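For reference, the structure is listed below as C-alpha cells.
Here is how names work: the chains are called A, B, and so on, in the same order as the sequence lines, proteins then strands, and each is numbered from 1. Everything numeric here is computed off the predicted structure, so don't read it as measured data.
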Protein chains: 2
Amino acid sequence: MKPVNLKELARELNLSVSTVSRALRDSWEISTPTKQRVSDLARKMNFQPNPYASSLRKRHSRTIALVIPEIANNFFALAIKGIETVAREKGYHVLIYLTNEEVEEEIAIANSLQSGRVDGVIMSLCGSMQDTEHLLELQQRNLPLVFFDRVSETVAAPKVITNDYESGFIATEHLFHAGCRRIAHLTMSMDLSISQRRQQGYTDALTRYELSIHPERVIHSGRDESNTYQRIKALFLSEERPDGVFASVEKLAVLVYHICRELQLKIPDDIKVISFSNLLTASLLNPSLTTIAQPAYEMGREAAAILFRRLEKKTSEDRVMLPAALEVRQSTRAGS
Amino acid sequence: MKPVNLKELARELNLSVSTVSRALRDSWEISTPTKQRVSDLARKMNFQPNPYASSLRKRHSRTIALVIPEIANNFFALAIKGIETVAREKGYHVLIYLTNEEVEEEIAIANSLQSGRVDGVIMSLCGSMQDTEHLLELQQRNLPLVFFDRVSETVAAPKVITNDYESGFIATEHLFHAGCRRIAHLTMSMDLSISQRRQQGYTDALTRYELSIHPERVIHSGRDESNTYQRIKALFLSEERPDGVFASVEKLAVLVYHICRELQLKIPDDIKVISFSNLLTASLLNPSLTTIAQPAYEMGREAAAILFRRLEKKTSEDRVMLPAALEVRQSTRAGS
DNA sequence: CTGAAAGCGCTTACAG
DNA sequence: CTGAAAGCGCTTACAG
C-alpha cells in the first residue's frame with residue numbers, strides 16, 4: 001500500500017496542497033468546515049506526513065542523538081529510559097549510538113552527527129576520552145550538546161552529574177573507617193593518569209585519596225576485560241594486596257567478587273568492596289554490596305529536559321548536580 | 001557555522017551540482033581528476049550530505065526502529081547492543097522506542113512508524129499483547145518487520161527466538177527432579193490467560209507443566225510492581241505456598257528473593273527458584289540463582305542481520321531458534 | 001565526461 | 001479564507 005501524500009488529499013478534496021497542509025497544522029487562516037473536511041479525509045486515508053520532507057523544509061528533525069559508552073549497565077539503561085520518556089513526551093525521536101568505550105568510535109559517531117541528522121545530542125563520554133575536537137566541531141555546527149555523568153569540563157556545554165568527587169571522598173572515608181589502609185581504586189579509564197584526567201577536567205570517581213595519597217594504586221581497566229581480570233588478580237596475589245577496593249563501575253566490582261571467589265579471599269574480611277553502582281541485585285549478592293547509587297533515571301530526564309529547553313531557545317541550567325546515595329551493606333562491614 | 005551544501009561546493013569548483021553529487025558517490029561517469037578535486041574540497045569544507053534531502057529523494061532513510069518493552073533488563077540491553085553493532089556496520093541508524101510493557105504505547109509507537117521514518121522495524125512485544133492490528137498495518141505499508149524473543153505467531157514476519165517451550169519444560173523438570181511438587185510460574189503477561197496466549201500463538205516461557213497440569217498456579221504480573229509483590233507474598237503466605245518458582249523474567253526472580261528474605265523463607269530449602277535471566281550477577285547472588293540464559297547479544301545480531309537481508313531484497317530465514325542454556329546453581333539445590 | 005531540469009513531499013511568504 | 005509558486009538539498013533520467 002503506497003502511502004498517501006498531501007497532493008492526493010488535495011485532489012480528493014478539490015483543494016490546493018497549501019490549504020490542506022495548513023488545515024492539518026490547524027492554521028488560523030483556514031475555515032473550520034475546511035479543517036473538518038481535511039482532517040476527516042486524512043484520518044480516513046490514514047495520511048501520515050512524510051517526516052523527511054518536513055524536516056528538509058523546516059530544517060529540523062525532531063530527533064536527538066544519544067551517545068553512550070555501554071548499555072549492559074543498569075545506570076545507562078535507566079538513563080536511556082529517562083531520556084526516551086521525556087523525548088517521547090515532547091514528540092522527539094531518539095537515535096541511539098554505543099561507543100563501546102572506544103575513543104575512535106565516539107569520534108566517528110560525533111562526526112557523523114554533523115550532517116544535520118539530529119537537532120541535539122546527549123552524550124556520556126568514553127572513560128578514556130581526552131580529545132575534545134569532535135565535541136567542539138559539533139558545537140561549531142550549532143548543535144546543542146548536553147553531557148551526563150561522564151562529562152568534559154573543557155567543553156562548554158550543560159552537564160548533568162552526580163557529586164562524584166564528594167561521593168568518592170565519602171566512599172574512601174567509609175573504607176578507611178571500616179579499617180582499610182591499602183585502598184585500590186578501579187576505574188574504566190585505561191589511558192589516562194590521574195593527573196592527566198585532572199588537567200583535562202575529566203570528572204569521574206576522583207577522590208581526594210586517589211589524587212593525593214596513593215595515585216599509584218589506581219588500576220585502570222579498559223576494553224580488554226580478560227586482561228583487567230588478570231591485572232586485578234595479580235594485584236591481589238602480590239605483596240601489595242589491598243584491603244579495600246573502590247570500583248567506579250559495577251562491572252569491576254563484579255570482577256572483584258569473582259576474583260575473590262577464585263582466590264578464596266573473603267569479602268569483607270580480607271578485602272572490603274564498595275562500588276558506584278545501580279545494580280538491582282546489590283542487596284542480594286553474597287555478601288551484599290555496599291554501593292554509591294546514582295539517580296540514573298532522573299539524570300536521564302534532567303539531561304533531556306535541559307536539551308529540550310535549549311532547543312526551544314529557553315535558557316537552562318549549565319550544570320545540574322544530583323546527589324548520589326551511599327548504601328552501606330555487608331561488603332564493607334568492619335572486622336570484629 | 002552554516003553547513004556547506006552541494007551548491008556551494010559546485011560554485012567553488014565551477015562544476016554543476018549534478019557532477020559534484022555524482023563525484024561524491026564515486027560514479028563511473030565522472031573522471032578521476034574531477035572526483036579528486038571534488039573529494040578534496042568536500043573534505044576541506046567538511047561537507048556532510050543532508051540525510052533528510054537524500055532520504056526524501058531516495059525514498060529510504062537508512063534508519064530502523066527498535067521497539068522493546070523495557071530496558072533495565074540485561075537481556076534487552078544485550079540485544080540492543082547486538083542490533084546497534086550490526087546496524088552501524090551496515091551504515092544504518094537506530095531509533096529506540098520503549099513501550100514500558102504498555103499495550104497502548106506499543107500501538108501508538110507502531111502507528112507513528114507508518115510515516116516512512118524508518119526502513120524497517122525490529123520488535124519485541126509487550127507481555128500482554130494480543131492485538132495485532134497495529135502490526136498488520138505496518139506490514140501493509142510494506143515495512144519489513146522482524147520479531148525477537150516476544151513474538152506474535154499470528155503475524156507473518158521473521159522471528160528470532162529461543163527454544164522457550166523446551167527450556168520451560170526443562171526448567172520445570174529440573175524443579176521436579178529437585179523435589180518440587182507445587183510449582184508456581186511467574187510471568188509478566190498480566191492480561192492473558194494461558195489458553196488465550198496459546199490461541200494467540202503468543203510465545204514466551206510456556207511450558208508443558210503450565211499448560212497441562214496446574215494452569216491456576218500461574219501468577220501474571222504486570223506494570224504495577226508493588227501489587228505483584230503483594231500478590232506473590234500473599235501466595236507465599238497461603239496454604240498454597242509453592243515449593244518451586246519458575247520466573248519468566250529476572251525482575252520477578254529478584255522480587256521472589258526479596259519476598260523470601262522478608263518472610264524468612266530459605267532458598268532453596270523452603271522454595272527453589274529458577275529464572276529466565278541474563279543477570280551477570282546470577283552466580284554471585286545469595287544463594288546463586290539457577291538460570292536459563294538466552295543468547296541475547298546473538299539474538300540481537302541475528303534479528304538485525306535478517307532485517308538487513310530483507311532490506312537488501314535477499315531472502316532470509318523465517319524463523320531462527322537459538323538455544324538457551326540451563327545453568328544450575330544453588331537456588332534449586334535438592335534438599336538433603 | 002558534464003550539465004540542465006525535474007522531482008522527492010512538504011512549508012510558507014506572497015498575492016488576492 | 002484559499003491558491004500559485006518557490007524552495008529545502010539532494011538524486012537521477014535525459015540530453016549532449
Side-chain angles (χ1 to χ4, degrees), chain A residues 1-39 41-42 45-63 91 112 114-119 141-142, chain B residues 1-39 41-42 45-63 91 112 114-119 141-142:
Chain A
M1 196 176 65
K2 213 175 138 280
V4 45
N5 59 24
L6 280 188
K7 206 159 128 193
E8 295 168 63
L9 280 184
R11 178 155 35 76
E12 200 84 7
L13 291 160
N14 263 316
L15 286 170
S16 73
V17 166
S18 359
T19 301
V20 175
S21 172
R22 277 188 278 243
L24 288 169
R25 333 200 85 243
D26 202 23
S27 160
W28 53 271
E29 297 175 284
I30 306 295
S31 72
T32 315
T34 303
K35 279 184 188 170
Q36 194 57 50
R37 286 178 61 216
V38 171
S39 77
L41 187 69
M45 298 183 70
N46 196 8
F47 170 74
Q48 303 262 8
N50 180 312
Y52 294 105
S54 53
S55 289
L56 175 59
R57 180 55 227 255
K58 297 206 279 190
R59 320 188 63 112
H60 60 247
S61 58
R62 295 193 85 75
T63 303
S112 85
Q114 291 186 33
S115 66
R117 184 178 296 275
V118 295
D119 297 344
R141 295 263 176 178
N142 292 320
Chain B
M1 196 174 65
K2 214 175 139 285
V4 45
N5 60 22
L6 279 188
K7 207 160 126 192
E8 295 168 62
L9 280 184
R11 178 156 34 77
E12 200 86 6
L13 291 159
N14 263 317
L15 286 170
S16 73
V17 167
S18 359
T19 301
V20 175
S21 173
R22 277 189 277 247
L24 288 169
R25 336 199 84 242
D26 201 23
S27 159
W28 52 271
E29 298 173 285
I30 305 296
S31 71
T32 315
T34 302
K35 279 183 188 170
Q36 194 58 50
R37 283 178 63 215
V38 171
S39 78
L41 187 68
M45 297 182 72
N46 196 8
F47 170 74
Q48 303 263 7
N50 181 312
Y52 294 105
S54 52
S55 289
L56 176 59
R57 181 55 228 255
K58 298 205 279 187
R59 319 187 65 110
H60 59 245
S61 58
R62 297 193 84 74
T63 303
S112 85
Q114 291 187 32
S115 65
R117 186 177 295 276
V118 295
D119 296 345
R141 295 265 176 177
N142 293 319

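- Across the protein-nucleic acid pair, B:N14 atom CG and C:dT2 atom P stand 13 Å apart, rounded to whole Å.
- In this structure the side chain of A:L41 never reaches within 4.5 angstrom of the side chain of A:F47, judged on heavy atoms.
- When the P atom of D:dG9 is taken as reference, atom CZ of A:R117 falls 16 Å away, rounded to whole Å.
- Looking at heavy atoms from C-beta onward, A:V38 lies out of side-chain contact with A:R22 at the 4.5 angstrom threshold.
- Across the interface with DNA chain C, nearest-nucleotide mapping of B:L56 and B:T34 shows B:T34 to be the residue nearer the 5′ end.
- Atom pair B:R11:CZ and C:dG3:P shows a separation of 15 Å (rounding to whole Å applied).
- A salt bridge links B:D26 and B:K35; the closest N-O separation between the charged side-chain nitrogens and carboxylate oxygens is under 4.0 Å.
- A heavy-atom distance below 4.5 Å is found between the side chains of B:T19 and B:I30.
- Nucleic acid contact for B:S55: none, since no nucleic acid atom lies under 4.0 Å from a heavy atom of the residue.
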Practice item. Please report the C-alpha distance between B:L9 and B:E12 in whole Å, then the side-chain angles of each, then the deciding distance to 0.1 Å, and finally whether the side-chain contact (heavy atoms from CB on, under 4.5 Å) criterion is met. Key: CA-CA 5 Å; B:L9 280 184; B:E12 200 86 6; 5.7 Å; no
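- Atom-to-atom, CG of B:L15 to P of C:dA4 comes out at 11 Å; the value is rounded to the nearest Å.
- Rounding to whole angstrom units, CZ of residue B:R59 and P of C:dG7 are separated by 13 Å.
- When both distances must be under 3.5 Å, the Watson-Crick or G-U wobble mate of C:dT2 is D:dA15.
- Side-chain contact between B:R141 and A:N46 is present, with at least one heavy-atom pair separated by less than 4.5 Å.
- Note: CG (A:L9) to P (C:dG9) measures 13 Å, nearest angstrom.
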Check your understanding: What is the per-nucleotide protein-contact pattern of nucleotides 10-16 of chain D, from the 5' end, where B denotes a base atom under 4.0 Å from a protein heavy atom, S denotes such proximity for sugar-phosphate atoms only, and - denotes neither?
Key -> BBBB---
